[in-house]
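Heads up, the thing below is written out as C-alpha cells.
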Amino acid sequence: MKILHTDVLVIGGGLAGLRTAIGARRRGLDVSILSLVPPKRSHSAAAQGGMQASLANAVKGYGDNEDVHFADTVRGSDWGADQDVVRMFVHMAPKAVRELAHWGVPWNRVQGGKHNVIINGQPVTLEESEAAHGLITARNFGGTAKWRTCYVADGTGHSMLYNVSDQAIAANIPVLERTEAMALIHDGQRCYGAIVRNLMTGELFAHTANATCIATGGFGRIYRISTNAVINEGMGAAIALETGVATLGNMEAVQFHPTGIFPAGILVTEGCRGDGGLLLDGDGHRFMPDYEPEKAELASRDVVARHMEYHIKQGKGARSRFGEHLWLDIRLLGEQHINHKLREVKEICQYFLGINPVHELIPVRPAQHYSMGGIRTDAHGQSPQLQGLFACGEAACWDMHGFNRLGGNSVAETVVAGMIVGESIADYCLSEAGQGMIDTALVKRFLQQEQDALDGICKSKGTEKASELIKQMQTLMTDYVGIYRDGTNLQTAVSELKSLLERSERVGLQSSAPGVNPELVMAYRLPRMLKLALCVAQGALNRTESRGAHTRLDYPQRDDSQWLKRTLASWPLGASSPTLNYEPIDIMKMELPPGWRGYGKKDFIPHPDADTRQQQVDAIHRKTQNRFERQQALLPFHHLLPEKFHQNNARFQENSEGESP
Amino acid sequence: MTQDSKQRIPVNESEPNSRQLTFEIFRFNPLDPGSEPHFDTFTLEETAGMTLFIALNLIREEQDPSLQFDFVCRAGICGSCAMLINGRPDLACRTLTQALPSTIRLAPLPVFELIGDLSVNTGKWMHGMSERLQTWVHTETEPDLDAMEAAMEPALAEQIYELERCIECGCCVAGCGTAVMREAFVGAVGLNKMARFRLDPRDERDDGAFYELIGHDDGIFGCMSLMGCQDVCPKALPLQTQLAFLRRKMAFAGI
Amino acid sequence: MSSIPSNSRWPARLDLLQSASGLALALFMWVHMFLVSSILISNDAMYAVAKLFEGYYVFGRSYPWLVSAAAAAILVLIMLHAALALRKFPQSTRQYQLFLGHKNRMHHPDTTLWWWQVVTGFLLFFLAPMHLFGMFSQPDQIGPYASSYRVYSTHWPLYLILLFAVELHGAIGLYRLAIKWLSFPTMPVPVMRKRLSLLKWGMSAFFIILGLCTLLAYYRLGSTLQDQPGERYHPVTQSQCPTNSEVLS
Ligand SMILES: Cc1cc2nc3c(=O)[nH]c(=O)nc-3n(C[C@H](O)[C@H](O)[C@H](O)COP(=O)(O)OP(=O)(O)OC[C@H]3O[C@@H](n4cnc5c(N)ncnc54)[C@H](O)[C@@H]3O)c2cc1C
Ligand code: HEM
Ligand code: HEM
Ligand code: SF4
Ligand code: F3S
Ligand code: FES
C-alpha cells in the first residue's frame, strides 16, 4: 500500500487551488497539489474578460469602492449570496489584484489623456487623469455600476494562471499532475486526505493530509452544451458528496450564456449582438423581436437565452448532425467592422467552424457557463460538516454568487478565496484540532474500497456503455434542467437520471488495456456525475420560485417569503437520491436587504421582515459619518479575515475617510 | 427573411459530397508489454465543422475505447492537444478536418515522454524547464497589498503580455530540429519566457543572472535558428525577434 | 558582466566566433567570385587580378608566396569555422536519425535548409582544402592560361561541386546570420523572413550563374590550350603588365 503524506493536500491546480497552496506553503507547511492536468491547463486559463476589483483608477471607475462592488454583487446574486462573504470578497479583491501585479500579471494600464471608446453604440471620448497614468485600468462589464473589471487584453485568466502557477513553482510546491482524487478519506467527522489515481499508469494510492482542500472547478460537463473545458466534470464536488457527510450548496444555481458556438459551445462575445448582429432561426427568420419587440437581441443575457431555448423547443431550430441550434448573423456589420472590432470572433469562426462570418452565419446555442453551487463551506472555507475539509473557487459554495454571479467576479473569487482559505488551512493545521494521528486501518479500508470498485467495473459483464449513458445524462440536463425549467420536465429529469444511475451500475468495458484506460475513467466518473446532476435537478424541482439564473416557468416570481434560503444537498451512503435541506439566509443581518435588482422583472414576493430590516439599515445610514463606520455598524466582517488583511485599501483620489470626488 | 439568406444557410445534414476520412493514428501503450508502436487505421464520415477533437472522440466512442489523447479546453487556449498532424505540430482541437486531405496521419509530439498513443507528457517537460530557467518574477521586496500599485507604462504591459501569450503547448519544441536532436535544449518556449522576464521591470535579475540560466549550448547558443518554432507556434508569438534579441544580449553579457 | 565566471563565458564567445568566421568566409567568397570571374571580361583582366594578388602593383614585382599566405589564412579560417560548426552537427547516428526523421516529417523550408548547410558544409570540409592546397602549393600557377588549363584538364568537376556547395552554403549561412542576430521591430516576422529568403535565393542564383559562366570561360579557354600544357599567358598590352618570365627573371 502506497501512502503519501503532507500537511496539506490541495485537490485542483486552477487559480483557486494554486493560490491556496501558496498561502499555506508560505506559512511553513508541507503542501502538495493534485491536478487532472498540468496546472496551467486548468480552465482558469479560459477566462478572457477580466477580474473585478474596485480600484477606481480609470475615469469611468471614479467613485467606485467596496460598497459599490458589494451592492452590485448582492443584487447580481438576487440576494442569494452570503453578505458576510461578499463583504470579505470586495474588501480583498483590490489586494488580490495588487498581489498579482507584484507577481507579474501585466494588467492593462491607464493611458493618461483622451481616448475614444464606444458606449451604447455611440463613440465617446474619455479623458483619463495624467496622475493615474500607468495605474491598473478597468473595463465595463455587465451588472456593474462602475468600470471595475481589471484585465489583461483578452487573456486575463491565462495571465493570472501562468503567474500564480509560476509562483507555486518558485515556492517549490510539488504538483502531482495527471492525478485524480477518487475518494476522500474520512471517519464521518474529519477528512484525512484522499485516495488518488495516477492517470498515466492507473496506479491507485492514498494521499493523506491534516487538511484537504478541494478546488476542482465547475461541473459544466454534466450538460451537453457548455463553455467549460472537458475536464470540468465536477469530480471534486462529487467526492465530497460521496462522503455522505459534506453538503453541496445551491446546486440548482447554474448560469447559461446565450452565444456559445454550436456544437463546440465555445463562447462568442456578446459584442456581436451589441454591435448589431441578429439571431435567426432554422427558417432564416429573425425571431427575437417576436418575443421582445423593444430590445430584441439586446435584451439581458438570461432573457435572450431563455427565448432562444424556447424557440428551439418550438421546433424552430436549425438542425445538424449534432442537434438543434440557431444562427447568429453578423454579416450585416460588414467586413471592415468584423476584421477590426470582432477579430476574436472571426478567428473562432475560422478555426472551429471553418466559416468566414463576413459571408456566413454562425451557429449558436445558449450554453451552460458557470456553477454557482458547490461544496458548502463557512466563511473560512471549511466544510461545516467535515472538519479538515476545505473548498474554494468554482467548486465551492462559499457563497458570494448566490443565484447568479457577475462576470469578472469569478476569477476574482478564486484568488481572493485562495488568499483567505490558505490562511485558514494554515491556522487549522497549526492548531490543536488540525493535529493528530491518521488511522492507517482507515486509510487501508478506503484504498481497498476504491480498488474493489475499480476491479468491479473492470470485471463487470454489464452491457451498458458509459459513453452512451453520459450522453443521455448530458442531453437530459440540457433539455430539462437548462435555462428554462418547470415541474413536469424537472420531474422527468429526476426520474430519468435515477434510472441512469441504476443503469450505471451495469456498465461494462470493451477494452482492458493496462494503464490509464480512458474507458474505465469514464465508467467510474459516470455515477459521480449523475449524482451531481441529480442534486441539480432535484434542487431545481424543489425550489418553487425563480431566482437569478434559476428560472421556473411555473413559478416565475422570486419568492423571498419562502425561498430566502440556501439548498444543501447531501447523499447518505447507499441512498439512491440526494437529501435536500435548507439553510435560511438571515435577512435581519443583511447590509443590503432584498429589493428590486435594478434590472429584469420588478415582480417578487417580499420577505415579511424586509421592511423592518430596511428601516434599521436606513437608521444606521443616517447615524454614521463615513462609509467605514457605517459599514462596521451594518455588517462587521473584519473578524472573519486573517489579521494581515484588515487594512483599508488605498485608492486613487480617495481620502482616509473613504471619500472620493 | 429573404429567399437569398435562406439559401445561404448551410445544411449540415448528410452533405452530398461529404468525404470519407481515413485516420492513421499512432498507437503504442508503453505499459502494455504486448504493445508495439504502429499505426492503426480508422475511417469516419466527415461532417461540417468537424474538428480533430470531434473526430477523435467519435473514434473513441464508436470504434476503439482505448484510444488515448488529451483535450482540455477544446478551444485552442490551454495547449493540451498538440500533436503531429500530417507531420507538423499543431493544436488538434482547433484543426478542422476540412482543412486537411482525406487521409490524416496523427502522431504524438516527439521530444516529450510518451504516455500512450497521442498523449504525451508536456506538463512534466514544461515544469522541468520552468524549474531550470526559474521562470518567475524574482524580487526581494514584499508587496504592500493595501497600498497603491506601482505604475507601469501601458505599452510595456502590453509588450509583456505579447510574450506571455505562450500556452506551453510544446509545438515549438516538437517543431525544432535542435530540440529533437538534443534532449537538454530549452526550446523556444523557455527562451521566450526568459525574454518575457527580462522585459519585466518587476523582475530584479540582471543580464548576468539571465546568462547563468541560458548562456550555454542548451540555452540561447544552442538555438540554430531553424525557425520551426516560429512557423508552428499556434499563438504566432514573435519568437524570432525574441531569440535574436536574447542572443545579442547574452552574447554581449558573455564576452 | 562580472558575475559570470570566465569558463562559462565561452559559449557566448564561441557562438560569436562561429558567426564571425562564417560571415568573413561568406564575404570573402563573394569577393573571390568577382575576382575569378574577371576572366569573363578579358584574359588581361584576369591576369591583372592575379598579379594584384602577387603584390605586383605594390612592390613592383610578384611574390607568389603572398597567395600561399592568403590560402593558408583562409584555410585556417575555414578550419576554425568548421571546428565551431561541427559542434552543431548531429553527434551520433541516433541524432542523425532523429533529425532526418524530423526534417522529413515537417517539410519545413528553414529546417531543410539547415540540412543542406550541413551537407554542403561537409562537402566543403573536404573540397575546400583540396583547392586551397593547390593554391597554396602552386601560387604561381594562377593566370588566364594556367587556371584554364587546370580547370579544363582536371579540376572542373571539383569546381562544379565546390561552386554549388559554397554558394548555397554561404547564402544560407548569411540568411541564418540575419535570422540569428537581427530583429526587425517594425516588420512582422513572416514578412521579414519572406524577404530575406528571396534575397538568399537571389544571391545563390546570381553567384552560381556567374560561377558557371566563369567556369565555362575557363573550360573553353582551357580546351584551346590542350596542346600546350604549361603555356604562360602574355598580356596583349605589354606596357601595362609584364610577362611572368620578365617578372621572374
Ligand atoms: C469560457 C469561460 C470564460 C470565463 N471568463 C471569465 C471571466 O472573464 N471572468 C471571470 O471572473 N470568470 C470567468 N469564467 C469563470 C472562471 O474562469 C472560473 O470560474 C474559474 O477560473 C475557476 O477556477 P478554479 O480554480 O476554481 O477551477 P479550475 O481553474 O477549473 O481548476 C480546477 C482544477 O481542479 C483539478 N481537478 C478537477 N477535478 C479533480 C480531481 N478529481 N482530482 C484532482 N484534480 C482535479 C483540475 O485539474 C484543475 O487543475 C469563465 C469561464 C469560462 C468557462
Ligand atoms: C569546411 C567547411 C565548412 C563547414 C564544415 C561548414 C559548416 C557549417 C555549418 C554546419 C554551419 C551551421 C552552423 C549553425 O547553424 O549554427 C555553418 C554556418 C555558416 N557557414 Fe559554414 N562551413 C564550412 C565552410 C564555410 C565557408 C567556406 C563559408 C563561406 C562561404 C561558410 C559560411 C558560413 C556561414 C555564413 C554560416 C552561418 C554562421 C552562423 O550560423 O553562425 N562556411 N557552416
Ligand atoms: C586565398 C584563397 C583562394 C585563392 C587564392 C583562390 C583562387 C582561385 C582561382 C585562381 C581560381 C580559378 C581557377 C583556378 O585557377 O584553379 C579559383 C576558382 C574557384 N575557387 Fe578559389 N581560391 C581561394 C579560396 C577558395 C575557397 C575558400 C573556396 C571555397 C570553399 C574557393 C572556391 C572556388 C571555386 C568554386 C572556384 C571555381 C569558380 C568558377 O569558375 O565557378 N576558392 N579560386
Ligand atoms: S512558444 Fe508557441 S509553440 Fe511554443 S509552447 Fe508557447 S505557444 Fe506553444
Ligand atoms: S526551431 Fe529551434 S533552433 Fe532555434 S529558432 Fe526555433 S528554437
Ligand atoms: S484542448 Fe486546449 S488547446 Fe486544444
Side-chain angles (χ1 to χ4, degrees), chain A residues 37-38 40-41 43 45-46 95 98-99 101-104 106-109 111 133-136 152-153 155 158-159 162 166-167 169-170 177 200-201 229-231 264 266 280 284-286 318-321 327 351-354 361 467 510-511 513-519 647-650 652, chain B residues 1 5-6 8-10 12-13 29 31-32 47-49 51 60-61 65-68 71-80 94 96 98-99 115-116 121-124 126-127 130-131 134-137 139 143 145-149 151-154 157-158 160-161 164-165 167-168 200 202:
Chain A
V37 294
K40 286 173 181 157
R41 313 251 190 261
H43 205 50
K95 301 188 200 301
R98 285 168 177 162
E99 179 178 77
H102 192 76
W103 285 357
W107 297 112
N108 281 46
R109 303 288 172 143
Q111 177 80 49
H133 182 81
L135 298 177
I136 296 169
V152 182
H158 168 88
S159 251
Y162 269 56
D166 283 340
Q167 286 298 321
I169 296 174
E177 292 176 2
M200 292 177 288
T201 62
V230 297
I231 58 164
I266 298 163
L280 308 181
H285 169 67
R286 182 182 173 204
R319 270 167 209 89
S320 83
R321 172 181 173 157
W327 301 108
Y351 278 120
F352 291 98
L353 301 165
L361 299 174
S467 59
Q510 285 171 281
S511 88
V516 51
N517 193 351
E519 201 187 10
Q647 292 300 310
N648 288 337
N649 297 305
F652 177 64
Chain B
M1 221 54 214
S5 81
K6 253 190 200 176
R8 279 161 169 271
I9 296 170
N12 290 357
E13 200 92 60
N29 182 352
L31 292 171
D32 183 351
T47 49
T51 58
R60 179 146 90 185
E61 273 165 32
S66 68
L67 185 61
Q68 293 188 52
F71 289 99
V72 176
C73 71
R74 59 82 179 90
I77 49 159
C78 77
S80 301
R94 69 171 204 190
L96 284 164
Q98 72 191 49
I115 293 172
N121 204 339
T122 46
K124 180 176 166 188
M126 293 296 166
H127 191 96
S130 274
E131 281 183 336
Q134 310 195 349
T135 60
W136 56 86
V137 168
T139 158
L145 303 185
D146 310 319
M148 297 289 301
E149 66 277 8
M152 180 188 267
E153 265 310 305
E158 278 167 33
I160 294 172
Y161 176 64
E164 193 162 85
R165 284 175 56 246
I167 55 173
E168 295 192 359
D200 197 325
R202 296 165 292 202

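In what follows, every heavy atom counts, from backbone to side chain, and hydrogens, waters and symmetry copies are set aside. Below, chains carry the letters A, B, ... as their sequence lines are ordered, and counting in each starts from 1.
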TODO: May I ask you to test the B/Gln68-A/Pro518 pair for a side-chain heavy-atom distance under 4.5 Å?
DONE: yes
Open item on the list: If I take atom CD from residue A/Glu99 and atom CG from residue B/Leu145, how far apart are they, to the nearest 0.5 angstrom?
Closed with: 5.5 Å
- [ ] Against chain A, work out which of B/Gln134, B/Lys124, B/His127 has the most heavy-atom pairs shorter than 4.5 Å and name it.
- [x] B/His127
Task: Leading residue by heavy atom contact count with chain B [cutoff under 4.5 Å; candidates A/Arg98, A/His158, A/Glu177] - done: A/Arg98
Open item on the list: How close do B/Leu31 and A/Gly515 get, counting heavy atoms only, and between which atoms?
Closed with: CD1-CA, 3.4 Å
TODO: Let me know if B/Arg60 has heavy atoms under 4.5 Å from chain A in its side chain, its backbone, both or neither.
DONE: side chain
Task: Spacing of SG belonging to B/Cys73 relative to CD1 belonging to A/Ile266, to within rounding of 0.5 Å - done: 7.5 Å
Open item on the list: Working to the nearest 0.5 angstrom, can you tell me the gap between B/Arg74 CZ and A/Ile231 CD1?
Closed with: 11.5 Å
Task: Engaged part of A/Gln647 at the chain B interface, taking heavy atoms whose separation is under 4.5 Å - done: both
Open item on the list: Ignoring hydrogens, what is the shortest heavy-atom contact between A/Ile169 and B/Trp136? Give both atom names and the distance.
Closed with: CG2-CZ3, 3.9 Å
Task: Under 4.5 Å from a heavy atom of chain B, the part of A/Leu353 involved - done: backbone
Task: Contact summary for B/Ser66 and A/Ser511, nearest pair of heavy atoms - done: CB-OG, 3.7 Å
Open item on the list: What part of A/Pro106 gets within 4.5 angstrom of chain B, counting heavy atoms only: side chain, backbone, both, or neither?
Closed with: both
Open item on the list: Quick check on B/Asp32 against chain A: is it the side chain, the backbone, both or neither that has a heavy atom closer than 4.5 Å?
Closed with: both
Task: Non-hydrogen side-chain atoms of A/His133 and B/Glu153 separated by less than 4.5 Å - done: yes
TODO: Give a yes or no on whether B/Phe71 atom CZ has more than 12 heavy-atom contacts from other residues, nucleotides or ligands under 6.0 Å away.
DONE: yes
Task: Derivation and outcome, side-chain hydrogen bond (donor to acceptor under 3.5 Å, both in side chains), residues A/His102 and B/Glu149 - done: CA-CA 8 Å; A/His102 192 76; B/Glu149 66 277 8; over 6 Å; no
Task: Contact leader toward chain B among A/Gly155, A/Pro38, A/Ala153, A/Ala45, where contacts are heavy-atom pairs under 4.5 Å - done: A/Gly155
Open item on the list: Which atoms of B/Thr135 are under 4.5 Å from chain A, going by heavy atoms: the side chain, the backbone, both sets, or neither?
Closed with: both
Task: Interatomic distance, B/Leu96 atom CG to A/Phe352 atom CZ [nearest 0.5 angstrom] - done: 8.0 Å
Open item on the list: Can you tell me which of B/Thr51, B/Leu67, B/Asn121, B/Ile167 forms the most heavy-atom pairs within a distance under 4.5 Å of chain A?
Closed with: B/Ile167
Task: A/Asn108 vs B/Glu158 side-chain heavy atoms within contact, under 4.5 Å - done: yes
- [ ] Could you check which of B/Glu131, B/Glu168, B/Glu61, B/Met126 has the highest count of heavy-atom pairs closer than 4.5 Å to chain A?
- [x] B/Glu168
TODO: Answer with side chain, backbone, both or neither: which region of A/Tyr162 has an atom nearer than 4.5 Å to a non-hydrogen atom of chain B?
DONE: side chain
Task: Under 4.5 Å from a heavy atom of chain B, the part of A/Val37 involved - done: side chain
Open item on the list: When you compare the side chains of A/Arg41 and B/Thr122, does any donor N or O come within less than 3.5 Å of an acceptor on the partner?
Closed with: yes
- [ ] Check whether any side-chain heavy atom of A/Trp103 lies under 4.5 Å from a side-chain heavy atom of B/Val137, and answer yes or no.
- [x] no
Task: Verdict with reasoning, B/Asp146 to A/Asn648, per side chain to side chain contact (heavy atoms under 4.5 Å, CB included) - done: CA-CA 6 Å; B/Asp146 310 319; A/Asn648 288 337; over 6 Å; no
Task: B/Glu164 and A/Ser159: side chain donor to acceptor below 3.5 Å - done: yes
Open item on the list: Within this structure, what is the SG-NZ distance for the pair B/Cys78 and A/Lys40, rounded to the nearest 0.5 Å?
Closed with: 13.5 Å
TODO: Identify the heavy atoms of A/Gly104 and B/Arg202 that sit nearest to each other, and give their distance.
DONE: O-NH2, 2.9 Å
